[in-house]
Amino acid sequence: MSKKILEVKELSKTFKRVHAVKGISFDLEEGDIFAFLGPNGAGKTTTLRILLDIIKADSGQISWNLNGNSSSLPASSLIGYLPEERGLYLDLPVLRTLVYMGAIRGMKQSEAKKEAMMWLERLELEKRANEKLQTLSKGNQQKVQFVASIIHKPAFAILDEPFSGLDPLNQELFIGYIKELNKQGSTILLSSHQMQLVEKIARKVFLINKGKEVFYGQLGDIYQNSAEQHTLEVSFNNHLPRETFETLEGAENTISEDAGKVKITFRQGMTISEIMRVLAGVDSITGIRSHNSNLHDIFLDMIQQQKS
Ligand code: ATP
């Protein structure tokens with residue numbers, strides 16, 4: 001059985017008027033790729049900052065147990081942190097910055113330089129090694145920030161919005177780098193609002209909205225739960241009031257983004273033939289398509305269900 005290396009219980013944090021984190025609990029096992037997912041202002045960064053002791057929670061417990069050391073916060077050599085507000089000195093040369101970041105996390109100077117050069121070559125930035133960070137484009141600065149946070153191959157990497165500022169090609173490359181880091185032994189905790197990227201990488205997810213848990217568990221279980229419920233996209237002559245669909249037997253959730261189209265999620269356990277029988281009673285339907293939910297849709301549905 002995998003070892004728990006971080007356990008968080010009932011964490012809460014309020015800033016003056018904003019209740020940013022509301023009693024959330026989760027844990028990470030060694031080797032996890034765990035993603036915090038949620039819209040802007042959901043409480044992701046606040047939670048990560050609390051874990052790193054940058055800010056204090058109002059209540060709740062955090063227990064670390066990394067590399068056999070149980071303590072309030074592991075040594076900096078064991079942790080890698082990519083902050084949301086990028087924190088490197090913009091007027092220092094790229095290579096010097098990376099070597100410095102490695103050295104303060106316990107690497108030998110020569111080892112840090114070798115590792116930094118390896119990364120710069122990989123990122124096609126080796127020719128910029130002696131230029132100041134501020135001369136690089138935003139995406140390239142982000143790459144350097146990423147390397148700075150993981151150059152020492154930390155046992156635990158906390159990556160706050162690692163894909164921010166990257167084009168789609170580089171986003172894919174970063175997914176590869178993070179997976180590689182994980183394969184080499186780092187446990188990963190990342191935050192993102194880009195669900196289509198997280199879907200490709202995370203094994204465990206924590207969906208958060210307005211500081212509260214929306215879903216927490218294995219990514220596969222989200223799809224499993226939603227697969228047991230059929231969602232259909234129904235097109236209809238738009239003289240028909242949309243409300244017709246809300247009152248259909250078994251229709252639990254109806255969303256209409258376009259005129260003449262409605263996405264209906266039917267009650268869990270309802271079979272396709274039962275659903276077809278219900279829809280057969282509506283005259284003006286012009287088309288029916290099965291809708292395969294992605295994480296984005298599932299998240300929106302879950303938030304909607306929480307409200308109702
Ligand atoms: P984003 O994706 O936009 O970074 P997030 O999920 O990381 O969002 P947080 O940065 O954790 O969200 O913010 C959660 C809430 O707490 C927001 O309403 C934010 O305005 C508020 N907040 C965060 N830090 C502070 C602070 N230092 N003082 C006051 N309010 C704060």
Side-chain angles (χ1 to χ4, degrees), residues 6-28 32-62 64 73 79-88 138-139 141-143 145-146 148-150 156-168 170-171 174-175 178 187-202 204-217 219 222 294-307:
L6 174 64
E7 224 176 326
V8 175
K9 284 198 189 124
E10 294 293 325
L11 206 65
S12 285
K13 174 74 185 172
T14 304
F15 297 103
K16 283 187 189 146
R17 261 160 293 152
V18 183
H19 200 166
V21 178
K22 298 175 186 164
I24 63 169
S25 302
F26 57 92
D27 48 59
L28 264 87
D32 270 343
I33 300 186
F34 179 109
F36 258 106
L37 265 171
N40 292 134
K44 305 181 294 295
T45 298
T46 303
T47 306
L48 301 186
R49 286 189 180 144
I50 294 171
L51 295 182
L52 289 159
D53 225 6
I54 299 168
I55 53 174
K56 296 274 177 218
D58 299 333
S59 57
Q61 288 116 43
I62 299 170
W64 286 95
L73 180 68
I79 299 259
Y81 175 44
L82 174 68
E84 190 185 34
E85 319 262 318
R86 311 307 184 207
L88 297 179
K138 196 167 162 235
Q141 286 187 22
Q142 169 71 356
K143 293 179 194 172
Q145 295 271 0
F146 171 74
S149 66
I150 55 90
F156 196 101
I158 297 186
L159 310 173
D160 199 353
E161 299 280 358
F163 310 110
S164 141
L166 298 175
D167 62 40
N170 277 301
Q171 287 176 346
F174 262 55
I175 285 178
I178 296 170
T187 302
I188 312 279
L189 170 53
L190 64 93
S191 94
S192 180
H193 59 272
Q194 289 158 295
M195 313 227 173
Q196 78 286 6
L197 297 175
V198 166
E199 263 179 317
K200 295 182 184 177
I201 189 173
K204 250 158 102 180
V205 288
F206 192 109
L207 305 188
I208 183 167
N209 186 45
K210 296 186 178 157
K212 258 180 31 194
E213 174 188 321
V214 176
F215 174 90
Y216 163 51
L219 185 60
I222 292 196
N294 57 28
L295 198 51
H296 177 81
D297 295 325
I298 296 170
F299 185 70
L300 293 181
D301 287 347
M302 283 178 171
I303 291 178
Q304 193 119 19
Q305 274 165 29
Q306 260 190 357
K307 277 191 203 152

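Whatever order the structure lists ligands and atoms in, that order sets their numbers, starting from 1. In what follows, residues are counted from 1 in the order of the sequence shown.
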Under the 6.0 Å and 45° cation-pi test, does Lys13 pair with Phe15?
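Yes, Lys13 lies over the aromatic ring of Phe15.
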What is the ring orientation for Phe26 with Phe206, classed by angle as parallel under 30°, tilted 30 to 60°, or perpendicular over 60°?
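Phe26 vs Phe206 ring planes: perpendicular.
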Taking all non-hydrogen atoms of both residues, which atom of Ala35 and which atom of Val198 are closest, and how far apart?
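Looking at all heavy atoms of both residues, the closest pair is CB-CG1, 3.5 Å.
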For the residue pair Leu82 and Pro162, what are the closest heavy atoms and their distance?
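That closest heavy-atom pairing would be CD2-CA, 3.7 Å.
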Backbone N or O of Asp160 within a donor-acceptor pair of the Ser191 side chain at under 3.5 Å?
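Side chain of Ser191 to backbone of Asp160, a donor-acceptor pair under 3.5 Å: no, none is there.
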Do other residues, nucleotides or ligands put more than 12 heavy atoms under 6.0 Å from Lys22 NZ?
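Counting other residues, nucleotides and ligands, NZ of Lys22 exceeds 12 neighbours.
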I'd like the contact residues of ligand 1, where contact means a heavy atom below 4.0 Å.
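Within 4.0 Å of ligand 1, protein side: Phe15, Val18, Ala20, Pro39, Asn40, Gly41, Ala42, Gly43, Lys44, Thr45, Thr46, Glu84, Glu161.
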